[in-house]
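Worksheet for the structure shown next.
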Amino acid sequence: QRRAVTISVIPYGGTVRLPSSFYSLVTAAPTFSPATIDYTVAVPDAPENWNGCLEMHAHEITQINLPASSFGVLPDFTVYTANNLWCPPDDEAEAIFHSSDPAELREMLEKIDNQSLSDGTGTDIGTGWGVRSLDPVWRGRLDNASGDHQRPANYHDPRTVKIMIVMTDGGITAQWRPYDDWEEGVSNPRVPTSEGERLTAGWEARENFSDLCSYAKDNGVSLFTIAFQVKGTKNLEDMKNCASGDDYFYDIQDLDISEAFNEIAAKISPLRLAR
C-alpha cells in the first residue's frame with residue numbers, strides 16, 4: 001500500500017544509532033581497528049549484540065550507497081561529558097525510517113533528550129543518513145516502518161516531493177577516538193580530548209556536511225535548516241549555506257522553536273499540493 005506521507009526521524013549525537021536491520025553493513029571480521037588509530041574493537045557476532053553505530057572514516061561519510069559487510073563498529077566511550085556515550089545508548093535515540101504513524105513519531109520525539117544525545121554533534125553524519133533516507137539507492141533496504149517498500153522514490157518523480165529538515169544545537173564536531181592505549185571494557189570509557197585522537201577533523205566534517213547538502217539540493221530535495229541556540233558565525237553560516245535558500249534557514253536564539261516549524265509547515269503545504 002502506497003502511503004501519502006512518510007517521515008524519517010534521525011536523532012544524532014556524536015553519531016547515529018541505526019536499527020538492528022542495518023547490521024548487514026557491519027564487517028564479518030571478528031575485530032576492527034580504525035586505519036589511523038591503533039586500538040582494536042571486538043565486532044559483535046549478532047545484531048542484538050551491536051550498539052547500532054557504524055565506524056565511518058571521513059571519506060565514507062559522504063558515500064551514499066554503503067556496501068554490505070564493510071564497516072567497523074563504534075566503541076562505547078564518552079568525550080565531553082562523563083555520562084553521555086558518543087554512540088547514543090538508548091532505544092529512543094534509534095533512527096526511524098519512513099513511518100506513516102503519527103503516534104509512533106510523536107512518542108519518539110517526546111523521548112529524545114540531552115541524556116541520550118548531548119555528547120558530540122555529528123551533524124555531517126546525521127545529515128548523511130537523512131540524505132540516504134531519501135535516496136532511491138536505498139529502496140528496500142531501510143526497514144521502512146510504514147511497510148511501503150517503494151520508497152525512497154526516484155529523484156524528480158512527478159508524484160513525489162522530498163523534504164529534509166536538519167536541526168542542530170551546536171557546531172559540527174570532529175570525530176574523537178581513544179588513543180592506542182585504550183582497552184575496551186577495561187579503561188574508563190571517558191576519553192578527554194587531551195587524551196584522544198581525531199578520526200575525522202572538524203574541517204573535514206564541515207566539508208562533508210556541505211557536500212551532502214549540495215548533493216541533496218542538486219537532486220531536487222527542499223532542504224530546511226534550523227540552528228537552535230547555536231553560537232559562532234561559522235556555525236551559523238554552515239547551516240545557512242546548507243539550506244535551499246535564505247528563507248529556508250532559521251536562526252532560533254530563544255526557546256520558542258515552534259514558530260520555525262509552523263513556517264516550515266506553511267512552506268511545505270504548497271509543495272505537496274503541487275505534486
Side-chain angles (χ1 to χ4, degrees), residues 7-16 56 58-64 80 88 95 109 112-114 117-135 152 155-156 160-176 198 200-272 274-275:
I7 296 175
S8 301
V9 179
I10 303 168
Y12 63 92
T15 188
V16 171
M56 303 181 77
H59 68 279
E60 295 168 327
I61 292 171
T62 56
Q63 189 174 345
I64 304 303
Y80 297 111
L109 292 171
I112 296 173
D113 60 24
N114 279 342
L117 298 173
S118 68
D119 205 358
T121 311
T123 310
D124 55 327
I125 298 177
T127 301
W129 282 105
V131 173
R132 293 182 194 103
S133 75
L134 298 172
D135 197 284
Y155 288 123
H156 307 294
T160 304
V161 59
K162 300 194 179 202
I163 297 161
M164 184 163 69
I165 303 170
V166 179
M167 183 171 73
T168 185
D169 65 353
I172 301 172
T173 304
Q175 288 293 313
W176 288 95
R198 292 181 300 181
T200 302
W203 66 266
E204 292 176 297
R206 291 179 187 276
E207 285 191 357
N208 284 338
F209 175 65
S210 177
D211 289 346
L212 287 162
C213 295
S214 295
Y215 178 88
K217 290 183 288 187
D218 289 347
N219 281 287
V221 175
S222 296
L223 211 164
F224 296 86
T225 61
I226 301 174
F228 181 64
Q229 297 186 329
V230 170
K231 307 299 181 184
T233 300
K234 179 57 179 171
N235 294 330
L236 292 169
E237 285 180 353
D238 287 338
M239 296 299 286
K240 184 175 183 178
N241 293 336
C242 175
S244 291
D246 289 352
D247 59 342
Y248 283 58
F249 165 67
Y250 296 87
D251 177 11
I252 307 298
Q253 293 299 328
D254 56 24
L255 293 176
D256 187 8
I257 202 169
S258 59
E259 183 177 351
F261 280 103
N262 288 337
E263 288 190 20
I264 291 172
K267 291 173 182 173
I268 288 174
S269 294
L271 295 174
R272 289 179 55 200
R275 297 293 175 90

For [X] and [Y], work out which heavy atoms get closest and say how close.
| X | Y | answer |
| --- | --- | --- |
| Ala95 | Pro11 | CA-CD, 4.0 Å |
| Ala216 | Val131 | CB-CG2, 4.2 Å |
| Glu60 | Arg132 | O-NH2, 3.8 Å |
| Ala201 | Ala174 | C-CB, 3.9 Å |

Practice task
Apply side-chain contact (heavy atoms from CB on, under 4.5 Å) to Lys162 and His156, showing your working.
Solution key: CA-CA 9 Å; Lys162 300 194 179 202; His156 307 294; over 6 Å; no
Problem - Member of Thr62, Asp135, Thr127 meeting the side-chain hydrogen bond (donor to acceptor under 3.5 Å, both in side chains) criterion with Tyr215 - result: Asp135
Can you find a pair of side-chain heavy atoms, one from [X] and one from [Y], that are under 4.5 Å apart?
| X | Y | answer |
| --- | --- | --- |
| Thr15 | Pro88 | yes |
| Met239 | Val230 | no |
| Lys267 | Ser222 | no |
| Tyr12 | Thr121 | yes |
| Cys242 | Leu223 | yes |
| Phe261 | Met167 | yes |
| Ile64 | Leu212 | yes |
| Gln229 | Asp169 | no |

Exercise for the section: Go through Thr168 and Asn235 one step at a time and tell me if the side-chain contact (heavy atoms from CB on, under 4.5 Å) criterion holds. Expected result: CA-CA 10 Å; Thr168 185; Asn235 294 330; over 6 Å; no
Practice task
Could you list all the salt bridge (charged side-chain N to carboxylate O under 4.0 Å, His left out) pairs where at least one residue sits in residues 203-230, not counting sequence neighbours?
Solution key: Arg206-Asp238
Value rounded to 0.5 Å, distance of [atom1] in [X] from [atom2] in [Y]:
| X | Y | atom1 | atom2 | answer |
| --- | --- | --- | --- | --- |
| Tyr80 | Thr173 | OH | OG1 | 5.0 Å |
| Ile172 | Phe209 | CD1 | CZ | 5.0 Å |
| Asn219 | Leu134 | CG | CG | 10.0 Å |
| Asn262 | Ile257 | CG | CD1 | 11.0 Å |
| Phe249 | Glu237 | CZ | CD | 9.5 Å |

Practice task
Please step through side-chain contact (heavy atoms from CB on, under 4.5 Å) for the pair Lys240 and Thr225, ending with a clear verdict.
Solution key: CA-CA 7 Å; Lys240 184 175 183 178; Thr225 61; 5.8 Å; no
Practice task
Determine whether more than 12 heavy atoms belonging to other residues, nucleotides or ligands lie under 6.0 Å from atom CD of Glu263.
Solution key: yes
Problem - Main-chain N/O of Gly14 paired with Gln175 side-chain donor or acceptor, under 3.5 Å - result: yes
Handout entry: Residue that, paired with Phe228, satisfies side chain to side chain contact (heavy atoms under 4.5 Å, CB included) out of Ile252, Asp254, Asp251
Key = Ile252
